[in-house]
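Inspection log for the structure reproduced underneath, given as structure tokens.
Hydrogens, waters and symmetry mates play no part in the numbers below; they use all other heavy atoms, side chains included. The chains referred to below are lettered A, B, ... by the order of the sequence lines, with proteins before strands, and numbering in each begins at 1. Predicted, not measured: the structure shown is a model, and the values here were computed from it.
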Amino acid sequence: MEFSTNSTFLYLVAVLVILFVLAQSVFFLVRAYRRGREMGMSAERLRRVILSTSIFTLAPAVSILLGVVTLAKFLGIPLPWIRMSVIGALTYELPAATSTANALGLSLSQMITDPKAYSAIAWVMTLGILPSIILPPVLMKRIRGGVVKLRQKDDKWGDLFMTSMFLGMISAFLGMVFSDLRSGPAGLIPILVLLCSAALMGVCGYLIKKKNMQWLETYAMSISMVGAMIFAVVITPLLS
Amino acid sequence: MRDYMKETDRYGRIWIWSAVVVVLMVPAAICVYYNAWPEMTAVLKGLLGVAPIYWTVGVIEVITYTPMLGVGGTYLAFVTGNLTSLKAPSALSAMESMGVKPGTEEGEVISTLAIATCSIVTTLVIAAGVCLLALITPILDSPALAPAFDNILPALFGGLGVVYISKNWKLSVAPLVFMICLFLAVPSLAGSVGVLVPVGVIIALAAARVMYKKGWV
């Protein structure tokens, strides 16, 4: 069988995997929606979650697509398409491909033509990320039980515990933005983008609370994110 | 666990173990179809370069994110990937705007709804992008647009940070100050931000516990 990184067979495999991911997502979406309705949440509220999340997801999804474009230069389209739709993220897939290519003495500056090298890269990409998918079912009961117990014991501390976890995560990413500060004016860009996003969210919050523009709540995250991304395009040539 | 949670756990297990099979079938199918089984040493050498880091990150992520995302959200988010840059922020933002608490059944429903929507939209955008790749590659690759995608994390966490920090500013001081100082002192840690998330969580929890005991929060 003649090998090509963009063969019909590989596209077929990709489509089957994508359909599996879509089926799982739709299954959980429908279950959560029905449960929400049973619990007395209004259809309008639940639809608002779906709408605001959909809009919010568009820009990051395009950024993930950019990952497919990057990997497609040497792996063709189907494998990056699969990897970026299931478990993967460019921050993992690129090092995995590079590490295997180095082990085989190959360069990733051109399309892979050796099927064995291609399958080696596919195995490393898959096996390297496997714990992320195997561990949730193994650890779920213990972790979930811990959360329930925590809430039963002291509900107020349970709330603070969960909020602190979120803030711990957010702090790590906010802190990361300052890592390039010492590298000169260009290091200021991510900080200014962060501040722009924060300011836009502040304005949205003001309009929602003080001007009764409740409809804006659905779009606030998207406005602050996309607005800050546009701001990055404008200021980067000035500071680089 | 209540019935909905129990059932979600059961279905989640079925889906995630099926996903393990599907994911492993991809390289296996490539090997069988092209009769191209790779040399074991090449795979092991390749794995050696990434597995020690990513297996550790995998363990850390499961322990850190599972309590935040809930049962359904976790099973779905770990299969569909892009956890820190997309799934967790979307669940967080949805729970916050709906005024529900994580770890409760309401939180579970909203988190699952957000993560499922996020997965569907992302999958569809990538699929549409793949179909139109020849048309959109010059646009996506254009240097003018590069800063927008390079700065997607600050653009995302700036807005999310304002929402959370403004409501819980006392709880955010310790982890935020620590992280800013850490990244200023050791900029190279930016590449390991995934490993530092649990560090931020531990600092936030320790500070919150002290403030809670003293009655400051």
Side-chain angles (χ1 to χ4, degrees), chain A residues 3 20 24-25 28-29 32 35-36 49-50 53-54 57 60-61 63 65 87-89 96 99-100 103-104 115-116 119-120 122-124 128 131-132 135-137 143 147 160 162 164-165 167-169 171-173 175-179 190 193-194 197-198 201 221 224-225 228-229 232-233 236, chain B residues 13 15 27 30-31 34 36 38 42-43 45-46 49-50 54-55 58 62 66-67 72 76 78 81-82 86 93-94 102-103 109 112-114 116-122 125 129 147-149 151-152 154-155 157-159 162 172 175-176 179-180 183 187 190 193 196-197 200-201 204-205 208:
Chain A
F3 173 74
F20 174 85
Q24 185 184 4
S25 306
F28 278 100
L29 180 96
R35 184 63 193 150
V49 174
I50 295 174
T53 309
S54 301
T57 304
S63 156
L65 178 62
I87 325 178
S99 169
T100 320
L104 291 164
K116 284 189 178 178
S119 69
W123 275 113
V124 173
S132 294
L135 285 175
I143 296 174
V147 173
L160 288 172
M162 298 307 292
S164 301
M165 286 196 87
L167 282 168
M169 180 191 93
S171 301
F173 284 95
M176 183 189 71
V177 170
F178 289 80
S179 60
V193 172
L194 177 101
S197 170
M201 181 54 91
M221 270 305 290
S224 66
M225 183 172 64
M229 286 169 75
V233 171
T236 300
Chain B
R13 278 168 195 278
W15 276 105
I30 293 169
C31 292
Y34 291 109
V43 175
K45 274 186 188 168
V50 286
Y54 288 96
W55 285 1
V62 172
T66 302
L76 197 52
F78 277 94
N82 289 293
L86 185 54
S93 172
V109 164
T112 307
L113 208 57
T117 306
C118 210
S119 305
I120 293 168
V121 172
T122 309
V125 167
F149 295 112
N151 287 289
I152 199 156
F157 280 95
V162 162
S172 60
L176 203 53
M179 283 298 166
I180 292 174
F183 280 106
V193 67
L196 287 168
V197 168
V201 168
L205 284 174

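- The most heavy-atom pairs under 4.5 Å with chain A, out of B/Leu76, B/Val121, B/Thr122, come from B/Leu76.
- Of all heavy-atom pairs between B/Tyr34 and A/Phe3, the closest is CE2-CA, 3.6 Å.
- Per-residue counts of heavy-atom pairs under 4.5 Å with chain A were compared for B/Gly58, B/Gly72, B/Pro187; the largest is that of B/Pro187.
- Highest contact tally toward chain B, considering only A/Thr100, A/Leu160, A/Val147, is held by A/Leu160 [criterion: heavy-atom pairs under 4.5 Å].
- Considering CG of B/Leu205 and CE of A/Met162, their distance stands at 10.0 Å, rounded to 0.5 Å.
- Rounding to the nearest 0.5 Å places CG of B/Leu196 at 11.5 Å from OG of A/Ser171.
- A heavy-atom distance below 4.5 Å is found between the side chains of B/Val197 and A/Phe173.
- Pairing each heavy atom of B/Phe78 with each of A/Ile87, the nearest pair is O-CG2, 3.6 Å.
- With A/Ser197 contributing its side chain and B/Ala155 its backbone, the two residues share a donor-acceptor pair below 3.5 Å.
- For chain A, the nearby part of B/Val162 is the side chain; its heavy atoms alone come within less than 4.5 Å.
- Interface residue A/Thr236: only side-chain heavy atoms are found under 4.5 Å from chain B.
- A donor-acceptor pair under 3.5 Å is absent between the side-chain atoms of B/Thr117 and the main chain of A/Thr53, judged by distance alone.
- Only the side chain of B/Ser93 comes within contact range of chain A, with heavy atoms under 4.5 Å apart.
- Listed options A/Ala122, A/Pro137, A/Gly168 were ranked by heavy-atom pairs under 4.5 angstrom with chain B; first place goes to A/Pro137.
- Of the inter-residue distances, the one linking B/Leu113 atom CG with A/Ile50 atom CD1 reads 4.5 Å to the nearest 0.5 angstrom.
- Residue A/Ala103 comes nearest to B/Gly46 through the heavy atom pair CB-N, 4.1 Å, listed as atom of the first residue, atom of the second, then distance.
- Between chain B and the residues A/Ser119, A/Ser63, A/Ala61, the largest count of heavy-atom pairs under 4.5 Å involves A/Ser119.
- Summarising the geometry of A/Ala32 relative to B/Val109, their closest heavy-atom pair is O-CG1, 3.2 Å, with the distance given to 0.1 Å.
- Distance CG/B/Asn151 to CE/A/Met229: 8.5 Å, rounded to 0.5 Å.
- Contacts between A/Val177 and chain B at a heavy-atom distance below 4.5 Å involve the side chain alone, from C-beta outward.
- Using bins of under 30°, 30° to 60° and over 60° for the plane-to-plane angle, the ring pair A/Phe28/B/Trp15 lands in the tilted bin.
- Here the closest non-hydrogen pair linking B/Val62 and A/Ser132 is CG2-O, 4.2 Å.
- Interface check for chain B: of the options A/Met221, A/Met176, A/Lys116, the most heavy-atom pairs under 4.5 Å are formed by A/Met176.
- The two atoms that bring B/Lys45 and A/Ser99 nearest to each other are O-OG, 3.9 Å, heavy atoms only.
- For the set B/Pro175, B/Gly129, B/Gly49, the count of heavy-atom pairs under 4.5 angstrom toward chain A peaks at B/Pro175.
- Annotation: maximal heavy-atom pairing with chain B below 4.5 Å, among A/Arg35, A/Met225, A/Met201, A/Met165, occurs at A/Arg35.
- Among A/Ala228, A/Ala120, A/Gly36, the residue making the largest number of heavy-atom pairs under 4.5 Å with chain B is A/Ala120.
- Rounding to the nearest 0.5 angstrom, the gap separating the CD atom in A/Gln24 from the CD1 atom in B/Ile120 is 10.5 Å.
- Proximity to chain B is limited to the side chain of A/Leu104, based on heavy atoms less than 4.5 angstrom apart.
- Chain A forms more heavy-atom pairs under 4.5 Å with one residue of B/Gly200, B/Ala116, B/Gly159, B/Gly81 than with any other, namely B/Gly159.
- A/Met169 touches chain B through backbone and side chain together, each having a heavy atom under 4.5 Å away.
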